[in-house]
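Structure record follows, encoded as structure tokens.
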There are 2 protein chains.
Amino acid sequence: MSEFDRFQREQAPSWEDICRALYRKNRNKIRIKKEEVAVRNLQRVLQAALTLSRSKGFHAMTLRDLSRATGLSTGALYSCFASKRDLHRILWEQGVLFTVRYLRDRLRNTASPVERLREAIRCHIYLSEMFSSWFCFLYMDARNLSRMEKGKAIRNEMATERIFHAILMDGMRSGEFVIQDGCLTAAAIKALLQDWYLKRWKYRRLKVTPDTYAEYVAQLVLASINGMSR
Amino acid sequence: MSEFDRFQREQAPSWEDICRALYRKNRNKIRIKKEEVAVRNLQRVLQAALTLSRSKGFHAMTLRDLSRATGLSTGALYSCFASKRDLHRILWEQGVLFTVRYLRDRLRNTASPVERLREAIRCHIYLSEMFSSWFCFLYMDARNLSRMEKGKAIRNEMATERIFHAILMDGMRSGEFVIQDGCLTAAAIKALLQDWYLKRWKYRRLKVTPDTYAEYVAQLVLASINGMSR
DNA sequence: GTCTATAGTGCGATAGAC
DNA sequence: GTCTATCGCACTATAGAC
């Protein structure tokens with residue numbers, strides 16, 4: 001059993017947990033009152049919406065598409081969300097803070113910067129592997145956001161990056177890393193992590209597993225951290 | 001004057017040249033018969049379409065938006081293209097082969113693999129800097145493609161990547177590079193190059209120039225190519 | 001070639017029966 | 001809660017005057 005399999009079975013959050021949390025947070029906007037019904041429907045609706053968004057984009061997805069994919073009528077859909085725009089907001093808000101929180105949580109017990117860097121890369125790849133359609137949505141459908149929401153989006157992009165930046169700075173202070181430009185290195189790590197879920201088809205074709213890719217990214221970054229000062 | 005400035009003034013293709021080539025290729029689908037008028041309008045239309053696509057996505061852009069941005073009526077727009085879908089196809093087809101051809105052309109006179117790698121990275125960044133809205137369109141709006149077109153899209157993505165892959169293999173044969181997995185390294189280079197135009201706002205905020213970024217990517221890759229075997 | 005006006009289509013959203 | 005039926009609207013595309 002690979003590391004990723006273990007993560008998937010034992011540590012990863014489940015769709016049901018996520019939808020339950022999401023329901024409790026948005027009770028006022030969701031017309032369904034029985035929690036069990038709401039959670040069951042939300043799960044179907046959100047998963048279908050993300051799948052459709054991946055293949056044609058959120059804006060191009062119609063509520064008729066969503067109705068067909070979930071088996072619910074368009075009328076029933078509107079008991080899960082107030083408008084299509086509101087569905088976008090729900091998917092957005094829930095996804096946005098998730099990664100940062102999860103990473104922070106998992107890094108609490110790591111000792112050295114090297115170990116912390118490896119663990120952060122691994123966790124990000126595992127998370128994005130399990131929720132790849134959600135990660136793609138957050139990346140590709142950040143347009144259609146209002147001005148205020150766009151500010152949030154940028155702050156979020158930077159929040160993940162700051163986690164990596166902080167690890168790099170720790171490593172510099174302790175003398176383990178030699179880095180020319182921490183901001184560029186953090187940006188490069190982020191770009192490599194995003195490629196994993198945005199070009200999933202490519203890595204599948206190359207038969208690269210999440211663990212292999214995580215190790216590759218870690219080695220690439222570590223080599224540059226030690227090698228670029230020469 | 002920076003290297004990029006020189007490229008921009010002396011070597012880069014101009015919008016007018018591109019639109020003229022595009023007009024001659026699509027004469028049968030474009031109703032305007034005077035070449036000068038057609039080229040002038042195409043330039044306005046394509047640039048506006050790409051700008052709007054970047055901010056809200058091609059699908060979300062309406063012909064009313066495009067009409068407002070170009071100062072042409074919706075009726076006049078239809079003398080430049082047969083349908084909105086056709087406009088998408090034109091932008092797509094012209095953009096797709098462009099990068100590969102240009103890179104191949106520029107690499108013909110480079111001597112060593114190291115030099116060739118540096119030059120390929122630099123050229124890609126320069127091109128994407130000058131035509132960033134076009135590169136973003138090719139990346140973000142590859143959905144809404146028909147099945148056959150999607151096959152082309154994948155083949156194109158791989159074509160650019162193969163250029164980098166070939167350089168890496170050359171370097172291995174000549175003993176200059178030590179690489180574990182050429183495919184993964186080529187994919188990583190591509191991901192880093194794409195980040196430049198997809199997250200342009202970030203690098204602008206960090207005050208990173210095209211030349212700085214090109215040098216950073218080259219050094220990162222070269223460090224890993226020499227360092228990962230340890 | 002470019003305009004204005006409009007036909008035809010498919011969308012998001014809602015009303016009311018069950 | 002979920003369904004069917006339908007409203008009003010914004011869109012793409014075209015027709016016909018200039």
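All of these numbers come straight from a predicted model, not from anything done at the bench. First the proteins, then the strands, lettered A, B, ... as listed; each starts at 1. No hydrogens, no waters, no symmetry mates; every other heavy atom, side chains included, goes into these values.
You'll find that the side chain of A:Tyr78 is closest to C:dA13, out of C:dA13, D:dT2, D:dT12. Residue B:Lys84 has its side chain nearest to D:dA13 when only C:dG1, C:dA13, D:dA13 are considered. When distances run from any side-chain atom of A:Arg64 to the nucleotides D:dG1, D:dT6, D:dT12, the shortest one goes to D:dT6. Proximity note for A:Thr62 (side chain, C-beta onward) versus C:dT2, D:dG1, C:dG12: the nearest is C:dG12.
Judged by distance alone, the side chain of B:Trp134 and the main-chain N or O of B:Leu91 form a donor-acceptor pair under 3.5 Å.
Applying the side-chain hydrogen bond (donor to acceptor under 3.5 Å, both in side chains) rule to B:Asp65 yields the partners B:Lys56, B:Thr62; only residues at least two apart in sequence or on another chain are considered.
Aromatic rings from B:Tyr102 and B:His124 are positioned such that their centres are separated by 6.0 Å or more. You'll find the ring centres of A:His88 and A:Phe137 inside the 6.0 Å limit.
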- Would A:Glu35 and A:Arg40 satisfy side chain to side chain contact (heavy atoms under 4.5 Å, CB included), going step by step from the backbone distance to the final call? CA-CA 9 Å; A:Glu35 183 163 314; A:Arg40 176 170 51 79; over 6 Å; no
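When the P atom of C:dG10 is taken as reference, atom CZ of A:Arg68 falls 12 Å away, rounded to whole Å. Atoms CZ (A:Phe58) and C1' (C:dG12) sit 12 Å apart, rounded to a whole Å. Atoms CZ (B:Arg85) and C1' (D:dC11) sit 16 Å apart, rounded to a whole Å. Rounded to whole Å, atom P of D:dT12 lies 11 Å from atom CG of B:Leu87. B:Arg31 places its CZ atom 11 Å from the C1' atom of D:dA13, with the value rounded to the nearest Å. Taking atom NZ of B:Lys29 as the reference point, atom P of D:dA13 lies 12 Å away to the nearest angstrom.
Between A:Phe131 and A:Phe98, the angle of the ring planes goes over 60°, which puts this pair in the perpendicular group of the 30/60° scheme. A parallel orientation is assigned to the rings of A:Trp196 and A:Tyr213, their planes being inclined by less than 30° (bins at 30° and 60°).
Interatomic distance, A:Ile30 CD1 to A:Leu42 CG, rounded to the nearest 0.5 Å: 4.5 Å.
Contacts with DNA chain C (heavy atom under 4.0 Å) in residues 35-56 of chain B: B:Val37, B:Asn41, listed by number.
Between B:Glu129 and B:Phe7 the shortest side-chain heavy-atom distance does not fall below 4.5 Å.
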Using nucleotides 3-5 of chain D, report all nitrogen or oxygen pairs with the protein that are shorter than 3.5 Å.
{"residue": "D:dC3", "atom": "OP2", "partner": "A:Ser73", "partner atom": "N", "Å": "2.7"}
{"residue": "D:dC3", "atom": "OP2", "partner": "A:Ser73", "partner atom": "OG", "Å": "3.0"}

